Engineer: 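Take this structure, written in structure tokens, and hold onto it; I'll ask about it next.
This structure is a prediction, so every number in the text was calculated from the model and none was measured. Positions are given from 1, in the same order as the sequence printed here.
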Amino acid sequence: SPDSRLSYEVDWTGRFRGSTPAVVRPGSTSEVAEVLRMCNESGTAVVPQGGNTGLVGGSTPMSGEVVLSLGRLKDLEPVDLAAGQVTAGAGVTISAVHELAAEAGLAYGVDLASRDSATVGGTVATNAGGIHLLRYGGTREQLAGIQAVMADGRVIAHMGGLAKDNTGYDLAGLFCGSEGTLAVVTAARLRLVSRPGETVVALVGLESVPAAVAAAVPLRSVRSLTAAELLLDDGVRLVCESFGRPAPFARGSAAYLLLEAASEDDPAGELASAVGALDGVEQVAVAADTRKAAALWAYRELHTPAVNLLGPPRKLDVTLPADQLARFLAEVRLAVARVEPAAKAWLFGHIGDGNIHVNISGPWREACSQEVGDRLDQAVFELVAALGGSISAEHGIGIAKRRWLHLNRSEEEIETFRSIKAALDPSGILNPNVLIP
């Protein structure tokens with residue numbers, strides 16, 4: 001019925017709204033295989049969907065595709081302590097993986113604000129990074145094996161989890177980040193990491209944005225550092241106003257670094273020494289217990305919902321070379337203003353790996369938002385490309401960025417993408433409208 005399909009037809013931001021004739025909710029890999037076999041034989045396009053927390057329209061049925069929801073694939077096996085690994089179905093949430101790993105005295109290296117709804121399958125499809133990429137790498141680095149269903153219904157499973165297995169093509173690495181265009185991932189074997197004994201979180205107020213960018217360079221050498229996030233004064237104030245939270249300090253700073261350090265021993269001393277050596281530090285708040293740490297993290301994690309309250313934003317995530325990051329932060333708002341003076345760019349992100357989230361809100365009417373929004377996207381992406389950066393750090397290309405893929409990928413690379421797609425999905429039924437122009 002239309003009511004039951006509705007939540008599957010709109011993305012989390014509310015920006016992408018499509019329609020589907022049906023939502024199919026298989027409960028096993030064999031059922032996924034049968035669905036894809038039938039769709040392939042009939043030439044029916046399919047959009048795989050996990051937690052539907054994507055930000056680029058990659059799992060929205062914009063052209064009337066059937067939605068293949070993987071939310072029922074929730075098998076989560078016991079942790080393999082000998083290997084330090086766990087096997088999880090595509091519909092398992094990231095928070096569930098964290099909880100199971102913690103019960104075994106371990107941790108999962110990928111974490112993100114949408115952890116309670118984002119799923120293993122979705123994070124594999126987009127090669128999600130998250131807040132701890134600085135320490136552990138992205139999703140691709142956590143994959144020890146994968147199970148996937150090809151477009152024609154064939155099942156591929158390579159789940160041994162061996163640390164060394166040099167037996168040909170790395171299909172897990174290929175499918176990871178392919179946004180459901182090559183196969184439908186139904187389960188993954190994930191590497192776990194040691195659970196640190198002590199964690200400390202600090203919010204550092206700095207006198208300027210360049211000072212915050214410069215500070216990130218020496219901080220990356222702090223061995224216990226697990227996260228380094230950049231916040232700006234206007235974004236922190238928006239979070240406080242939107243959710244009734246107190247300001248972190250009596251007076252604001254131009255920029256903030258949210259730092260998390262974790263190790264077997266108390267990392268507070270190492271982090272304090274590193275922060276004490278930075279230039280431009282104005283004020284510091286430190287949290288050593290879970291409740292206070294969560295309160296500091298909220299200033300970062302509530303940025304996205306706070307911006308969403310202003311209306312569906314243009315959500316861009318980009319990566320810049322370290323030596324161009326300060327220049328980008330200084331110029332991107334000017335680039336946005338030249339296109340639409342009434343638009344507002346909210347900037348925050350994972351400064352430890354150069355990943356900046358650019359959220360653009362504005363008063364434009366729905367009738368003209370597409371045209372204005374496309375010009376805003378282009379202005380930001382062209383600036384990123386000119387500075388040697390990437391137009392997609394962790395959200396993927398989806399529908400939103402497809403037309404600008406050429407800014408980062410050569411014609412030869414894109415043609416190679418098409419060749420791989422044609423070889424693995426000759427009928428073109430798997431998520432046919434995303435990624436590849």
Side-chain angles (χ1 to χ4, degrees), residues 24 26 29-50 54 56-63 65-70 73 88-91 119-128 138-159 167-190 392 394-402 405 408-410 412-437:
V24 187
T29 295
S30 61
E31 289 185 355
V32 173
E34 183 65 7
V35 169
L36 290 182
R37 183 191 65 78
M38 294 171 64
C39 288
N40 189 61
E41 289 178 355
S42 63
T44 303
V46 174
V47 170
Q49 192 176 102
V56 292
S59 60
T60 308
M62 299 299 289
S63 298
E65 302 93 340
V66 165
V67 171
L68 179 64
S69 172
L70 305 174
L73 302 183
T119 61
V120 167
T123 55
V124 171
T126 58
N127 187 26
T139 298
R140 187 176 280 119
E141 284 72 36
Q142 320 309 321
L143 288 179
I146 204 164
Q147 181 182 72
V149 181
M150 307 304 291
D152 59 5
R154 290 174 298 151
V155 177
I156 290 178
H158 195 71
M159 302 283 275
T167 53
Y169 301 132
D170 180 10
L171 294 180
L174 177 63
F175 295 158
C176 184
S178 67
E179 303 187 38
T181 61
L182 302 180
V184 175
V185 174
T186 57
R189 190 166 174 88
L190 305 171
S392 180
E394 56 183 1
H395 294 169
I397 296 298
I399 293 171
K401 304 178 185 179
R402 185 177 49 172
L405 185 62
N408 281 145
R409 294 292 192 167
S410 67
E412 291 75 16
E413 287 178 298
I414 293 173
E415 282 304 318
T416 302
F417 288 0
R418 290 196 179 103
S419 296
I420 295 171
K421 168 75 169 171
L424 299 184
D425 179 20
S427 298
I429 68 162
L430 294 178
N431 228 1
N433 295 303
V434 308
L435 181 58
I436 302 171

Engineer: Quick one: SG on C176 to CG on D170, what's the gap to the nearest 0.5 Å?
Structural biologist: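 Here the rounded value is 9.5 Å.
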Engineer: Which value, rounded to the nearest 0.5 Å, describes the distance between Q49 atom CD and T119 atom OG1?
Structural biologist: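 OG1 of T119 is found 9.5 Å from CD of Q49.
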Engineer: Can you find a heavy atom in the side chain of L143 that is under 4.5 Å from one in the side chain of F175?
Structural biologist: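 No, too far: nothing below the 4.5 Å cut-off.
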Engineer: Please lay out, stage by stage, how L174 and L424 fare under the test side-chain contact (heavy atoms from CB on, under 4.5 Å).
Structural biologist: CA-CA 11 Å; L174 177 63; L424 299 184; 4.2 Å; yes
Engineer: When rounded to the nearest 0.5 angstrom, what is the spacing between CD in E394 and OG1 in T123?
Structural biologist: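 Separation between the atoms: 11.5 Å.
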Engineer: Got more than 12 heavy atoms from elsewhere within 6.0 Å of CZ, R418?
Structural biologist: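 Enclosed.
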Engineer: Just to verify, what does S69 make a side-chain hydrogen bond (donor to acceptor under 3.5 Å, both in side chains) with, not counting sequence neighbours?
Structural biologist: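 For S69 there are no side-chain hydrogen bond (donor to acceptor under 3.5 Å, both in side chains) partners, ignoring immediate neighbours.
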Engineer: To the nearest 0.5 angstrom, please state how far the OG atom of S410 sits from the CG atom of L405.
Structural biologist: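 It is 9.5 Å, given to the nearest 0.5 Å.
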Engineer: For residues G396 and V56, report the shortest heavy-atom separation together with the two atoms involved.
Structural biologist: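 Answer, listing the atom of G396 first, then V56: O-CG1, 3.6 Å.
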Engineer: How many angstroms lie between CE in M150 and CG in L182, if you round to the nearest 0.5 Å?
Structural biologist: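 Answer for the CE-CG pair, M150 versus L182, is 7.0 Å.
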Engineer: So how far is it from I429 CD1 to M38 CE, rounded to the nearest 0.5 Å?
Structural biologist: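 Taking CD1 in I429 and CE in M38, the distance rounds to 11.5 Å.
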Engineer: Is any side-chain heavy atom of E179 closer than 4.5 Å to one of I397?
Structural biologist: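 With C-beta onward as the side chain, the pair touches.
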Engineer: Just by distance, do the side chain of R402 and the backbone of P437 share a donor-acceptor pair under 3.5 Å?
Structural biologist: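 Between the backbone of P437 and the side chain of R402 there is no qualifying donor-acceptor contact (under 3.5 Å).
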Engineer: So which heavy atom on M159 is nearest to which on R189, and how close?
Structural biologist: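 Looking at all heavy atoms of both residues, the closest pair is O-CD, 3.1 Å.
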Engineer: Shortest non-hydrogen contact from E413 to N408?
Structural biologist: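 Closest heavy-atom pair between E413 and N408: OE1-O, 4.1 Å.
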Engineer: Side chains of T29 and Q147: any donor to acceptor distance under 3.5 Å?
Structural biologist: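 Yes, a side-chain donor-acceptor pair sits under 3.5 Å.
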Engineer: Is any side-chain heavy atom of T181 closer than 4.5 Å to one of D425?
Structural biologist: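 Sidechains of T181 and D425: no contact.
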Engineer: Yes or no on side-chain contact (heavy atoms from CB on, under 4.5 Å) for K421 and I436, after CA distance, side-chain angles and deciding distance?
Structural biologist: CA-CA 9 Å; K421 168 75 169 171; I436 302 171; 3.9 Å; yes
Engineer: What pair of heavy atoms forms the shortest contact from I399 to G57, and how long is it?
Structural biologist: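 Heavy-atom minimum between the residues: CD1-O, 3.4 Å.
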Engineer: If we only count heavy atoms from C-beta on, is the L36 to D152 side-chain gap below 4.5 Å?
Structural biologist: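 No - every pair of side-chain heavy atoms lies 4.5 Å or more apart.
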Engineer: Flag the pair E412 / E415 as yes when at least one side-chain heavy-atom distance between them is below 4.5 Å, and no otherwise.
Structural biologist: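 No, their side chains stay 4.5 Å or more apart.
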Engineer: Going through the checks in order, is the side-chain contact (heavy atoms from CB on, under 4.5 Å) test met by V35 and C39?
Structural biologist: CA-CA 6 Å; V35 169; C39 288; 4.2 Å; yes
Engineer: Less than 4.5 Å apart, any side-chain heavy atom of T60 and any of V47?
Structural biologist: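 Result no, sub-4.5 Å side-chain heavy-atom pair not found.
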Engineer: By the side-chain hydrogen bond (donor to acceptor under 3.5 Å, both in side chains) test, which pairs, at least two apart or in different chains, include something from residues 426-437?
Structural biologist: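 Qualifying pairs: N40-S427, S63-N433, E65-N433.
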Engineer: Could you check if a side-chain atom of L68 sits within less than 4.5 angstrom of a side-chain atom of V184, using non-hydrogen atoms only?
Structural biologist: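 L68 reaches V184 side chain to side chain.
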Engineer: Determine the minimum heavy-atom distance between G180 and P48, stating which atoms define it.
Structural biologist: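 The pair with the smallest heavy-atom distance is O-CG, 4.1 Å.
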Engineer: Please step through side-chain contact (heavy atoms from CB on, under 4.5 Å) for the pair V32 and L73, ending with a clear verdict.
Structural biologist: CA-CA 10 Å; V32 173; L73 302 183; 4.1 Å; yes
Engineer: Do V124 and I146 make a side-chain contact, defined as non-hydrogen atoms from C-beta onward lying under 4.5 Å apart?
Structural biologist: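 Side chain of V124 against side chain of I146, heavy atoms only: contact under 4.5 Å found.
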Engineer: Are the side chain of E141 and the backbone N or O of G138 linked by a donor-acceptor pair below 3.5 Å?
Structural biologist: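 At least one qualifying donor-acceptor pair exists.
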Engineer: Just jot down the side-chain hydrogen bond (donor to acceptor under 3.5 Å, both in side chains) partners of E41, sequence neighbours excluded, or say none.
Structural biologist: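 Expected list: R37.
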